[in-house]
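Notes for the one structure printed next.
In this text, all values refer to a predicted model and were calculated from it rather than measured experimentally. Counting convention: from 1, in listed order, for ligands and their atoms alike.
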Amino acid sequence: MSDKNDHIKDLGRRHFLRNSAITGVAGASLAGGFGAGAMMGSRPAEAAANNEHHVGPGELDEYYGFWSGGHSGEVRILGIPSMRELLRIPVFNVDSATGWGITNESKRVLGENAPRNGDTHHPKVSYTDARYDGRYCFINDKLNTRVARIRLDIMRADKIVTIPNVQSIHGLTLQRVPRTERVYAAGEMIIPLGNNVQHMDDPSEYWTMMTCLDADTMEIKWQAIVDGNLDNCDTDYSEKYVAASCYNSSRGMTLPEMMGPERDWTVIFNVPAIEQAIANGESTTVGDSAVPVVDAREQAHSGRNPFALYVPTPRSPHGVNTMPPEGKYCVVSGKLSPTCTVIEWSRVDAWFDGSLDDPRDTVVAEPEVGLGPLHTTFDNRGNAYTSLFLDSQVVKWNVEDAIRAYNGDEVNYIRDRIDVHYNIGHIKASLACSRDVDGKYLAALSKFSKDRFLPVGPMHAENDQLIDISGQQMTLIHDGPTYAEPHDALMIRADQLNPSQTYTRDDPYFAETVAMARADGVDLETANTVIRDGNKVRVYMTSVAPNFGLTEFRVKQGDEVTVVVTNLDNIADVSHGFAMVNHGINFEIHPQQTSSATFIADRPGVHWYYCSWFCHALHMEMSGRMLVEPA
Ligand code: CUK
Ligand code: CUA
């Protein structure tokens with residue numbers, strides 16, 4: 001498809017953002033300080049010549065990819081390597097196809113008055129012994145300071161928690177061993193403790209916190225007050241630590257103030273020490289919240305801080321990623337510094353037990369990798385891959401060689417570079433956050449697509465690219481346009497997920513609706529009936545393709561009507577929908593599922609309802625009438 005002229009044109013475009021970004025944001029100091037390795041030329045990306053990665057019609061993918069949906073508020077599932085989008089899981093948003101945000105079952109998860117939008121960044125699938133166990137996916141909402149848990153059997157969120165005392169949850173990560181019992185959520189924006197108005201005008205009193213949730217109950221276990229804004233985070237491969245990058249260590253309120261320091265830090269929380277202190281009653285609370293809070297700020301401790309280690313890290317560091325398969329190192333990507341900082345977890349042990357004094361001695365390498373390093377991922381051969389936002393590249397570098405170079409050896413740790421299109425953010429190799437890391441594919445989530453796709457107006461598609469990393473050189477194998485704006489992705493093996501084909505009748509997702517029917521004396525599987533309770537009317541019906549159990553029901557103007565539909569079809573993929581015309585009601589009812597929605601019948605007359613999921617040759621005829629008598 002491309003010829004030489006296209007390539008020249010491409011070079012002109014790709015460097016535009018890099019240069020403007022350097023002068024506009026990072027200042028002169030950022031362009032300096034390059035090692036020879038970092039200057040090594042890159043190959044322009046070329047599509048793979050053969051089609052060994054092609055997944056033909058009817059063939060199944062090798063991996064499930066979990067993609068955040070960014071400000072769409074959802075999580076998406078892609079097949080890898082085809083990059084085919086398989087599913088959108090609504091979480092913080094309203095979704096008309098599924099009725100998420102419309103049904104009573106989803107409103108119980110969302111909360112009646114909670115915001116109906118979000119900004120999802122970091123999907124994380126639960127672990128057993130640092131391997132994906134396919135039970136849950138956790139996701140943060142940066143916009144409304146929430147964390148959600150998605151059940152991966154039915155692909156629906158079952159818990160959404162608003163985190164108190166902080167503003168904006170950004171980083172999200174999970175305990176890996178022995179299994180995911182804790183979820184860590186990094187608070188980003190700094191505010192006065194308890195948002196106390198007395199300190200509104202005094203930024204020196206602004207702080208944020210790391211939050212730990214119980215993964216089983218989704219209750220908040222504790223919070224730790226910390227210096228500076230928290231950004232991304234990751235755990236080690238023990239139960240002990242969670243590390244978070246911190247930008248704005250100066251706690252500035254404006255961009256120039258935030259850009260001040262040459263070094264910010266990586267803060268590493270000592271989880272057993274925090275939980276022991278709480279067990280000893282050495283915690284406080286903030287504001288109205290009952291969550292135990294410990295103080296992990298430096299100034300709160302005269303001697304060595306028992307709760308947190310602050311490792312000076314250049315400069316506004318961003319991604320934090322523990323290296324598989326053993327979890328020996330943690331790589332923090334420098335963003336405004338052209339470096340990555342490699343921390344050895346065993347040295348973190350040494351600092352907390354007092355045998356190491358200088359926090360910087362936990363750093364074992366600081367390779368120069370290129371401009372704008374944001375996130376790092378890994379293969380199973382000792383190599384790291386770092387996304388370079390300003391260079392629009394992925395750089396492959398060897399971790400042990402970078403350590404040798406840090407110790408003074410003359411060794412080039414850079415292995416390869418590949419252009420991406422354009423201005424990449426997150427990056428994730430197959431299984432790279434788990435023991436099963438296999439070094440086959442790498443997803444590169446590029447923030448700009450510019451000329452890579454047909455233009456569709458001022459809002460351009462983002463570009464999720466797929467790179468084959470199985471060989472010495474990286475090969476670009478796919479461009480995947482995607483709707484705004486995924487931040488992060490992960491890939492798990494197809495056999496590590498075992499989603500349900502139908503619902504079971506005792507699924508807790510609709511247990512409260514079943515209990516309501518029982519209280520009304522209604523057997524959901526047989527009854528098609530209307531129960532009146534004052535001006536509340538509950539309409540129970542079944543669905544079997546192509547029929548609703550009720551083809552009409554009668555209510556009075558002003559009634560609060562709850563329609564409960566139970567799908568008796570028991571064949572995978574035979575779903576029905578219940579759509580009430582002109583009432584904003586539409587929801588899914590999958591095989592063996594019960595779904596319900598409540599609305600006011602505020603207009604007299606005839607109102608049709610219809611099945612909205614194509615289910616049968618007579619799908620169009622699957623309908624009925626709500627007859628509303630005037631008040
Ligand atoms: S952040 Cu978006 S590119 Cu929210 Cu993980 Cu780095
Ligand atoms: Cu039932 Cu379409």
Side-chain angles (χ1 to χ4, degrees), residues 66-71 97 118-124 139-143 168-173 185-189 229-234 244-245 247 316-321 331-336 340 372-377 386-390 392 394 420 422-428 433 443-448 462-464 482 484-490 541-551 565-569 571 573-579 586-591 593 595 608-624:
F66 286 81
W67 253 244
S68 56
H71 27 69
D119 184 7
T120 59
H121 281 229
H122 300 112
K124 300 281 156 118
I139 184 75
N140 69 303
D141 172 16
K142 172 166 168 164
L143 178 61
S168 261
I169 294 300
H170 188 228
L172 188 83
T173 192
E188 181 177 346
M189 317 295 185
N229 300 43
L230 295 179
D231 196 357
N232 283 286
C233 56
D234 201 5
S245 53
Y247 74 96
S316 289
H318 187 63
V320 178
N321 300 93
V331 177
V332 185
S333 308
K335 193 165 81 180
L336 302 187
C340 284
L374 285 187
H375 295 277
T376 298
T377 189
T386 299
S387 59
L388 301 172
F389 178 83
L390 297 177
S392 285
V394 174
V420 288
Y422 304 88
N423 299 89
I424 181 177
H426 267 279
I427 185 175
K428 199 61 68 64
C433 302
L445 280 61
S446 297
K447 300 292 187 190
F448 296 77
E462 317 293 304
N463 186 7
D464 293 344
T482 184
E485 176 196 332
H487 276 257
D488 195 4
L490 63 86
M541 70 176 84
T542 56
S543 64
V544 179
N547 291 293
F548 286 120
L550 289 177
T551 52
V565 186
T566 297
N567 184 359
L568 297 183
D569 279 309
I571 300 164
D573 213 13
V574 179
S575 299
H576 302 286
F578 180 91
N586 185 39
F587 58 81
E588 64 191 351
I589 323 109
H590 297 298
Q593 185 179 12
S595 301
W608 282 90
Y609 52 89
Y610 66 92
C611 175
S612 56
W613 284 71
F614 212 108
C615 56
H616 193 276
L618 293 171
H619 157 78
M620 294 298 292
E621 288 79 359
M622 186 168 174
S623 60

Donor-acceptor pair, side chain of [X] and main chain of [Y], under 3.5 angstrom:
{"X": "T377", "Y": "I427", "result": "no"}
{"X": "D119", "Y": "D141", "result": "no"}
{"X": "S316", "Y": "Y247", "result": "no"}
{"X": "T482", "Y": "E462", "result": "no"}
{"X": "N321", "Y": "S333", "result": "no"}
{"X": "N140", "Y": "H121", "result": "yes"}
{"X": "D569", "Y": "I571", "result": "no"}

Check your understanding: Got an N, O or S from H121 under 2.8 Å of atom 4 (Cu) of ligand 1?
Key ->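 Yes, H121 qualifies, because one of its backbone or side-chain N, O or S atoms lies under 2.8 Å.
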Requested in this report: Check H576 and report its N/O/S atom nearest to atom 1 (Cu) of ligand 2, by atom name.
Outcome: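 In H576, the heteroatom (N, O or S) nearest atom 1 (Cu) of ligand 2 is ND1.
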**Request:** Compute the minimum heavy-atom distance from K447 to ligand 1 and say whether it is under 4.0 Å.
**Result:**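 The answer is yes, since K447 has a heavy atom less than 4.0 Å from ligand 1.
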Give the numbers and elements of all ligand 1 atoms closer than 4.0 Å to a heavy atom of [X].
{"X": "N232", "result": "5 (Cu)"}
{"X": "H170", "result": "1 (S), 4 (Cu)"}
{"X": "H375", "result": "1 (S), 3 (S), 5 (Cu), 6 (Cu)"}
{"X": "H122", "result": "1 (S), 4 (Cu), 5 (Cu)"}

Checklist entry - Does ligand 1 have a heavy atom under 4.0 Å from the side chain of H318, from its backbone, from both, or from neither? => result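 Side chain only; the backbone of H318 stays clear of ligand 1.
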- Hey, what's the ring geometry for H426 with H375, parallel, tilted or perpendicular (30° and 60° as the breaks)?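 The rings of H426 and H375 lie parallel, inter-plane angle below 30°.
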Handout entry: Shortest-distance N/O/S atom, H487 versus atom 2 (Cu) of ligand 1
Key =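 Going through the N, O and S atoms of H487 one by one, ND1 ends up nearest to atom 2 (Cu) of ligand 1.
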Have a look at atom 1 (Cu) of ligand 2 and estimate, to 10 degrees, the angle subtended by SG (C611) and SG (C615).
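So the angle at the metal works out to 120°.
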Under 2.8 Å: N/O/S of S543 next to atom 1 (Cu) of ligand 2 =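 Short answer: no, not a single N, O or S atom is under the cut-off.
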